[in-house]
Number of protein chains: 2
Amino acid sequence: MGRPSARDQVLDAYQEILIADGVAAVTLEAVAARAGVSKGGLLYHFGSKDALLDGLVERLLHLTEADIARAHEAPEGPLRYYLSTSVTDADMGKPAHRATIAALRLLGTDPKISTTMIEIDRRWSELLAAHLKDPAVVQVAALLGDGLYLRATLGEKTPEDFLRRLPDMLEQLDQ
Amino acid sequence: MGRPSARDQVLDAYQEILIADGVAAVTLEAVAARAGVSKGGLLYHFGSKDALLDGLVERLLHLTEADIARAHEAPEGPLRYYLSTSVTDADMGKPAHRATIAALRLLGTDPKISTTMIEIDRRWSELLAAHLKDPAVVQVAALLGDGLYLRATLGEKTPEDFLRRLPDMLEQLDQ
DNA sequence: GTCTATACTAAGATAGAC
DNA sequence: GTCTATCTTAGTATAGAC
């Protein structure tokens, strides 16, 4: 693992401020402070605020790829993996999850966010399609994932017991 | 109907810029220009940028209330009304819909947006709960609505034929 | 109720030392 | 690779005329 590079620490700080305090709180100064570097130091790694966003998008894409690979192998199957992954408190610490929530905070600010989220949706749907019969159920599952992420971004938690029932309901629908 | 007040025109401009160009494009100057008034004129109606956001939230709450009242009477039933309402191209012009998309653009910028969206979710769920047997299906329906709104915000359109099947699937699940 | 002019501030970015 | 100092601009908000 090794200790994180300064670059990664900056990206972490960016992400965490985004999640905790919202887009308005993300100033170069605040990010630098949280990462333990100066504004100049930060700008060495990311030449502009926009570069910071690009960095987050890139990270999100990588983490998602890794997550989908894991879903492929998951003993409980991709559907359960996908839906639980989205939101449980236990998973809130999951890197892919945090990066997604952070990115969603930037929704209105840059079109790159939208295209990235659409792309991620597409990849998960691809995986789900390979494991469900009915394409409509795939759509439902993907849509539910999106709903869960929106709620997580709103700070609303979805009841655990409902989350446990969810995959069963979808499988019933897939008959 | 009467012609819209200057105040309303300002709010319209704010909303439309939000939807079309995102949060960064929303400057007092841009909003004023689009509303056909000067910066000073705008600030007479809304004393600050924050007041503009408050205005949108208030409008959204009113429109939602009216929409829910309509859903109550809808011949196709609240479930169908809720799900179609969310996203069809035909409904894109619907005031409640546009206000919602605009508000979602502001997600990361102010906690008021989150609390408002949660409140709106709650009200729709209340209505749906009165017309479905299984509380879990109510949750699913509400979550799907959220997912549809997130996708609309992303600019991704959901296939019409899938949308038509959706309520039937949920009713099947509710047996 | 709306306009013009202007003050003020915050924040992004550059330059150059270390 | 990181820091301090500084420049620059954009954008919010105020004041006061009409």
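Since this is a predicted model, take the numbers as computed values, not measurements. The analysis underlying the following values was restricted to heavy atoms, covering all of them including side chains, and did not include hydrogens, waters or symmetry mates. In the text below, chain A, chain B and the rest are named by the order of the sequence lines, each starting its count at 1.
- Checked for salt-bridge contact, D161(A) and R164(A) miss the test: no charged N lies under 4.0 Å from a carboxylate O.
- The shortest heavy-atom contact between D174(A) and K133(A) is OD2-N, 2.9 Å.
- Here dT14(D) presents its P atom at 13 Å from CG of L42(B), a figure rounded to the nearest Å.
- Ring to ring, Y81(A) and H72(A) are not that close: their centroids are 6.0 angstrom or more apart.
- Rounded to a whole Å, the CZ atom of F46(A) is 19 Å from the C1' atom of dT14(C).
- To the nearest angstrom, P of dC3(C) lies 13 Å from NZ of K39(B).
- Residue K49(B) has its side chain nearest to dA13(D) when only dT2(C), dG12(C), dA13(D) are considered.
- In this structure, CD of E29(A) is placed 9 Å from P of dG12(C), rounded to the nearest angstrom.
- Minimum atom distance to the side chain of L28(B) is reached by dT12(D), of the listed dT12(D), dT4(C), dT4(D).
- Side-chain atoms of R34(A) do not come within 3.5 Å of backbone N or O of A13(A) as any donor-acceptor pair.
- We find that CG of L43(A) is positioned 9 Å from P of dG12(C), with the value rounded to whole Å.
- Neither OP1 nor OP2 of dT2(D) sits under 4.0 Å from any side-chain N or O of Y44(A).
- Nucleic acid contact for S38(A): base, since at least one base atom lies under 4.0 Å from a heavy atom of the residue.
- Comparing dC3(C), dT14(C), dC3(D) by their closest approach to the side chain of V37(A) singles out dC3(D).
- Here the side chain of H45(B) is nearest to one of dA13(C), dG12(C), dT2(C), namely dT2(C).
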